[in-house]
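Just so it is clear: chains get the letters A, B, ... in the order the sequence lines come, proteins before strands, and each one is counted from 1. The shown structure was predicted, so the numbers you read here are calculated from the model rather than taken from an experiment.
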2 protein chains.
Amino acid sequence: MTPFDHPPVGMNLARTAKVIAQAFDAALVEAGGTLPVWLTLLSIKSRELANQRELAGMIGIQGATLTHHLNAMEAQGLLTRRRDPDNRRVHQVALTEAGEVMFLKLRTAALAFDKRLRAGLSDERLADFAEVLAALRANVEV
Amino acid sequence: MTPFDHPPVGMNLARTAKVIAQAFDAALVEAGGTLPVWLTLLSIKSRELANQRELAGMIGIQGATLTHHLNAMEAQGLLTRRRDPDNRRVHQVALTEAGEVMFLKLRTAALAFDKRLRAGLSDERLADFAEVLAALRANVEV
DNA sequence: ATCGAATCATTCGATATCTAACTGTATGGG
DNA sequence: CCCATACAGTTAGATATCGAATGATTCGAT
């Protein structure tokens, strides 16, 4: 498949990330949510009253994409948006009761998936893995 | 950002894969193509006359998605589709002259990007990295 | 005090992807 | 032989994402 001496790192990374993301999404659908819904809930919980720019940054998506998800989740009754009275440009996002419930359900699924993923891999091995990921990111920035 | 003891592997993997894929796509756009175009060209070159099911499998996308890319690339004059006379269900895909030229240009960009990505990482380290990727994939299958 | 620049969010239009349904073609068991 | 089943590809409809343009608000420099 490749005109490369070594199997290309990037391709391997992309393929692996894809199958894992798909499996994770399937696990979350099982639990009544989706991957973007989980990421959005997680970002909101980790910093209540953050503005949308900050939430998008935590998730690693653009503001426009987050707006989309928030619209859907607001329609589903998982969250509310309210303008910050101190700075009426920003929308403060907060979870509803239903949003909290969904968060807890998806967290259970996410924790189980993370455990499944780490099976058979030592902490040192995973730490080195994370370091390589960081190095790859660094090699691409700038 | 997380209710996890350890930073979750999957999230780290997904984020890294995303920024690297974006950087790679940018490099390919610089060279006159895109990531899906490159992957399609590469899959065709690595097995001339393969059918679309096989090509999609090599790239890691569904047949329907490949159809989309082939339509666009055929319209651009990069490739041709012809029915296999021995089995009129299958379409044999072949590159045109322009497709060959594009392949060479994008290959140069891809090789340069791969080199940039590996900078500062030993072969052993990358080999172990690839093994962990394989283990993660295995942990998710079935 | 006002106007231009910056900031936050939304809207718009495009691309990539998926699944499911459909079309056309091949094949094998009765 | 022929029909049920399987297979290759396309089409249709949905979701996720991005970048660019727009709207609303704030801030700062003169």
Would you indicate whether Arg53(A), at its atom CZ, is surrounded by more than 12 heavy atoms from other residues, nucleotides or ligands within a distance under 6.0 Å? no
Ion pair check, Arg118(B) and Asp114(B), cut-off under 4.0 Å: yes
Rounded to whole Å, please give me the gap between CG in Leu55(A) and P in dC8(C). 12 Å
Asn71(A) side-chain N/O to dT10(C) phosphate OP1/OP2 under 4.0 Å: no
Whole angstroms only, please: what is the NE2-P distance between His91(B) and dT23(C)? 16 Å
Return the nucleotide paired to dT30(D): Watson-Crick means purine N1 to pyrimidine N3 with N6-O4 or O6-N4, wobble means G-U with N1-O2 and O6-N3, both under 3.5 Å. dA1(C)
So does Leu35(B) get a backbone contact from the side chain of Asp25(B), meaning a donor-acceptor N/O pair under 3.5 Å? yes
Would you find a donor on one side and an acceptor on the other, under 3.5 Å apart, between the side chain of Thr65(A) and the backbone of Ile61(A)? no
Find the distance Arg53(A):CZ to dT10(C):C1' and express it as a whole number of Å. 13 Å
Round to a whole Å and report the spacing from CD of Gln52(B) to C1' of dT11(D). 13 Å
Scan nucleotides 12-29 of chain D nucleotide by nucleotide, 5' to 3', and note B when protein non-hydrogen atoms come under 4.0 Å of the base, S if they reach only the sugar-phosphate, - if neither. ----SBBB-----BS---
Cluster overlap Met73(A) with Val90(A), hydrophobic side-chain contacts below 4.5 Å: no
May I have the distance from Leu70(A) (atom CG) to dT11(C) (atom P), rounded to whole angstrom? 12 Å
Pair Arg89(B) + Asp84(B): basic N to acidic O under 4.0 Å: no
Calculate the interatomic distance between Ile59(B) atom CD1 and dC18(C) atom P; express it in whole Å. 10 Å
Could you state the CD-P distance from Glu54(A) to dT7(C), rounded to the nearest angstrom? 14 Å
